[in-house]
Every structure is written in structure tokens, then in C-alpha cells.
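All heavy atoms count here, side chains included; hydrogens, waters and symmetry mates do not.
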Amino acid sequence: MALSPQRPAFPSGGALFSIAGFCYCLFAASAWGQSVLCLTSGCALFVKVLIFGFSPWEWGAAAFLLIFLLCLKRKVRAAFILAWLMLFLDCLFLLYMLFIAPCVSCLGAAVLMALNLCFLRRSSAALNGGKPHGASIALLAWGLLFFANSMAAVNELVPPWALVAGGDNSTRVFFSPSCPACRDTVAALAGKAEFYPVAKDPEDILRIAALQKFLDESIPFAEAFERSQKLTLTPPPMLQDIALHFRLIRNKAYLAKMNFTALPVILIQGAPWAQAKPPASGAATSRSGEAQGNEAVQARPPAGGFELPPELRDGSGAFPQCPQDSPEPCE
């Protein structure tokens with residue numbers, strides 16, 4: 001009597017993660033999912049991308065659904081091949097994201113792809129006498145790319161440290177206590193902006209620590225800044241010093257990402273100094289954008305126009321700058 005061939009075991013792990021991936025892609029494609037999962041700049045960039053008329057989320061949902069149906073039919077090897085192809089394409093996408101911007105929601109789908117492949121690889125190995133199929137190199141490459149993208153996402157999600165936080169965050173000033181132009185900027189914008197300290201030398205770190213201590217005592221920022229400039233410096237406690245170093249490194253890294261190398265850096269969003277009437281012909285105007293040193297990034301002004309505060313303009317309308325021959329460090 002001939003024995004019928006043994007039916008492959010049901011790939012429960014592959015079926016579970018394929019249906020989970022299907023649901024995740026549908027959720028991420030919805031407006032609600034985008035509001036929940038879109039945490040980094042890459043999410044907003046990739047949400048409107050279409051591949052042959054369909055979004056990546058729709059393609060992903062279709063692929064996960066096909067793998068789930070293959071699992072129900074116990075077509076383990078076919079499901080494994082499709083899962084391997086998905087992970088290979090995801091590796092290419094992760095490599096692309098490294099050069100564009102991190103996408104947290106995309107990383108979530110990538111995790112489900114990798115888990116799906118791992119379980120299907122195990123199920124496929126059972127049909128091959130316990131010997132696993134290939135995909136080790138693909139999983140290793142995926143792991144390296146995933147780690148790199150995860151670090152980029154964490155770096156984007158951790159904001160710079162504001163020593164003085166404001167309300168609407170329309171104006172942000174990055175300053176150093178040892179920069180003369182920064183001191184003028186602090187005096188002009190105290191109470192009107194958020195302030196982010198940047199340390200250029202060990203003395204800056206001590207003055208920022210002193211400034212933070214004065215602010216903790218509810219001293220107004222302008223007065224606290226003046227006191228910290230005249231203070232005899234003493235090193236802060238070690239634990240406080242470590243935490244402060246970490247925060248200052250975050251601020252310096254934030255400026256480095258935007259290729260700013262001189263201080264002060266003033267980031268302006270919108271028109272915080274809108275005026276009722278347009279400036280006179282030939283007058284210097286600052287428009288929405290970012291300012292570094294003595295230069296402002298210009299864009300089209302809103303109706304009515306607006307000007308920078310006079311404290312931040314010299315006779316030509318430019319920002320005050322640190323002279324290159326200044327005995328105090330400016331850059």
C-alpha cells in the first residue's frame with residue numbers, strides 16, 4: 001500500500017507576522033495611522049510616493065496578504081521566497097533612506113518583514129531536513145541598515161536643548177557666552193525668543209552651568225546672563241557636568257547637521273515682528289527663514305512686510321557679526 005506524502009506543517013509564525021504586516025500597512029496608509037506613526041521627516045516625504053500608481057504601503061499590504069494566503073495553503077517555500085524578496089527590496093529602501101531622511105513608520109514595517117522571513121526560514125528548513133535556506137546575508141545586511149536608520153531616527157527625534165524655552169517657538173537663538181555678537185543678540189532678544197547654548201571651550205561650559213543655576217533661582221534671563229558673565233567660575237558637580245555636556249553636544253550636533261559654523265545662529269519661523277505698514281523703499285527687510293552670523297536666508301514676505309528689531313541691525317540692516325580680528329572667540 002503506497003503512503004501519501006506527508007503534508008507540510010502549518011507555518012504559524014509566518015502566518016502570524018504576515019497578517020500583522022498586512023494590518024500594519026493598512027493602518028499606516030490611513031490618515032489616523034499617519035498622524036500616530038509619522039514622527040520623523042522621512043514619513044512626510046514618503047507618504048505621497050507612488051510606485052506604478054500605488055503607495056508603498058499598498059504594495060506592502062498586498063505582499064503581506066499574498067504571503068499569508070500562501071501560508072494558509074502551506075506553500076512554505078513560495079512564501080519564504082516572497083518574504084526574502086520583500087526583505088531584499090526593503091534593504092534597498094533602507095539604504096535610500098540613509099541618504100534622504102529616517103522614517104519611523106517604515107522601520108516598523110521593516111521589523112515585521114524581518115520577523116516574517118525568520119519564521120518562514122525556520123519552517124522552510126523543516127522541509128529541507130533541518131538545513132536552513134539562504135537569507136543569512138540578507139538578514140545581516142538588513143540588520144546593519146536597520147541599525148543605521150534607527151540611530152538616524154533617534155538623532156532626529158531628540159530635540160536640541162533649550163536653556164530658555166518660549167511659547168510659540170517662532171524665534172530660536174543659538175549662542176555662546178564668549179561670543180561678543182552673541183551677547184548683543186541676547187540683550188536684544190531676551191524675553192522674545194528661545195535660547196540654546198553652545199559651548200566652544202571649557203570656560204563656556206562653566207558659564208552656561210552658572211547661567212542655568214541663576215535661572216533655577218527664577219532670575220530673569222537677561223539679568224542671569226549678565227551675572228554669569230561677571231562670575232568667578234567654579235566647576236559644577238560631576239553628575240551635573242556630565243548631563244550638561246550631553247545637552248551641549250546635542251545643540252552643537254544640531255547646528256552641524258545644518259552646516260552652521262558661526263555664532264550667533266538665529267532661526268526665525270513665520271513673521272514674529274510683523275508690522276502694519278510695509279517698510280520704506282530700499283529699507284532692509286528680513287523675511288521668514290534662518291539667519292547665521294550677519295546673513296539672513298530670505299523668502300517672500302507676508303502682506304505688509306516686517307523688519308527685524310533695530311537692536312539686531314547695523315546701519316545696513318545686517319546682523320552684527322564677530323570681527324575676525326576680535327580677541328574673543330566668535331567661530
Beyond-backbone contact of [X] with [Y], side-chain heavy atoms, under 4.5 angstrom:
X      : Y      : result
Ser105 : Gln34  : no
Phe10  : Leu72  : yes
Leu117 : Trp142 : no
Cys43  : Leu37  : no
Trp32  : Phe27  : yes
His245 : Ile205 : yes
Ser150 : Leu107 : yes
Leu120 : Phe17  : no

Could you check whether any side-chain N or O of [X] sits under 3.5 Å from a backbone N or O of [Y], counting only pairs where one atom can act as donor and the other as acceptor?
X      : Y      : answer
Trp59  : Ile51  : yes
Lys252 : Val198 : no
Arg207 : Ser228 : yes
Asp204 : Ser178 : yes
Asn149 : Leu94  : yes

How far apart are the closest heavy atoms of [X] and [Y], and which atoms are they?
X      : Y      : value
Thr185 : Pro264 : OG1-CG, 3.5 Å
Ala138 : Trp84  : CB-NE1, 3.7 Å
Thr40  : Pro102 : OG1-O, 2.8 Å
Pro11  : Val76  : CG-CG2, 4.0 Å
Leu82  : Ala63  : CD2-O, 4.0 Å
Ala209 : Leu244 : CB-CD2, 3.6 Å

Take atom [atom1] in [X]; do more than 12 heavy atoms of anything else shown fall under 6.0 Å from it?
X      : atom1 : result
Phe88  : CZ    : no
Lys230 : NZ    : no
Arg122 : CZ    : no

Cluster link [X] to [Y], ILVMFWY, side chain under 4.5 Å:
X      : Y      : result
Met97  : Ile100 : yes
Leu144 : Leu139 : no
Leu92  : Tyr96  : yes
Tyr24  : Leu39  : no
Tyr254 : Ile249 : no

Is a salt bridge present between Glu217 and Lys213, judged by a nitrogen-to-oxygen distance below 4.0 Å?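 No, this pair does not count.
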Where do Ile219 and Arg227 land on the side chain to side chain contact (heavy atoms under 4.5 Å, CB included) test, with the steps shown first? CA-CA 10 Å; Ile219 298 176; Arg227 288 192 187 185; 3.2 Å; yes
Mind running side chain to side chain contact (heavy atoms under 4.5 Å, CB included) on Val265 and Leu267 for me, showing each step along the way? CA-CA 7 Å; Val265 172; Leu267 306 181; 3.8 Å; yes
Output, in order, the C-alpha distance, side-chain angles, deciding distance and verdict of side chain to side chain contact (heavy atoms under 4.5 Å, CB included) for Arg247 and Gln212. CA-CA 12 Å; Arg247 291 168 179 156; Gln212 184 179 19; 3.4 Å; yes
To the nearest 0.5 Å, how far apart are [atom1] in [X] and [atom2] in [Y]?
X      : Y      : atom1 : atom2 : value
Asp90  : Leu85  : CG    : CG    : 11.0 Å
Phe146 : Leu87  : CZ    : CG    : 11.5 Å
Leu206 : Asp201 : CG    : CG    : 9.0 Å
Leu50  : Glu58  : CG    : CD    : 8.0 Å
Ile67  : Phe22  : CD1   : CZ    : 12.5 Å
Phe93  : Leu145 : CZ    : CG    : 12.0 Å

Check the angle between the aromatic planes of Phe175 and Phe221 and answer parallel, tilted or perpendicular using the 30° and 60° thresholds.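 Answer is perpendicular, since the angle exceeds 60°.
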Using the side chain to side chain contact (heavy atoms under 4.5 Å, CB included) rule, take Lys200 and Leu263 through it: C-alpha gap first, then chi angles, then the decisive distance, then the call. CA-CA 10 Å; Lys200 298 185 295 182; Leu263 293 173; 4.0 Å; yes
Mark yes or no: Arg77 above the aromatic ring of Phe80, with NZ or CZ under 6.0 Å from the six-membered ring centre and no more than 45 degrees from the axis.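 Checked: cation-pi criterion not met.
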Residues Arg183 and Gln229: side-chain donor-acceptor under 3.5 angstrom: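 Gln229 and Arg183 do have a side-chain donor-acceptor pair below 3.5 Å.
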Could you pull out all donor-acceptor pairs under 3.5 Å where a side-chain atom in residues 153-162 meets a protein atom, sequence neighbours excluded?
residue	atom	partner	partner atom	Å
Glu156	OE1	Ser41	OG	3.1
Glu156	OE2	Ser41	N	2.5
Glu156	OE2	Ser41	OG	3.1

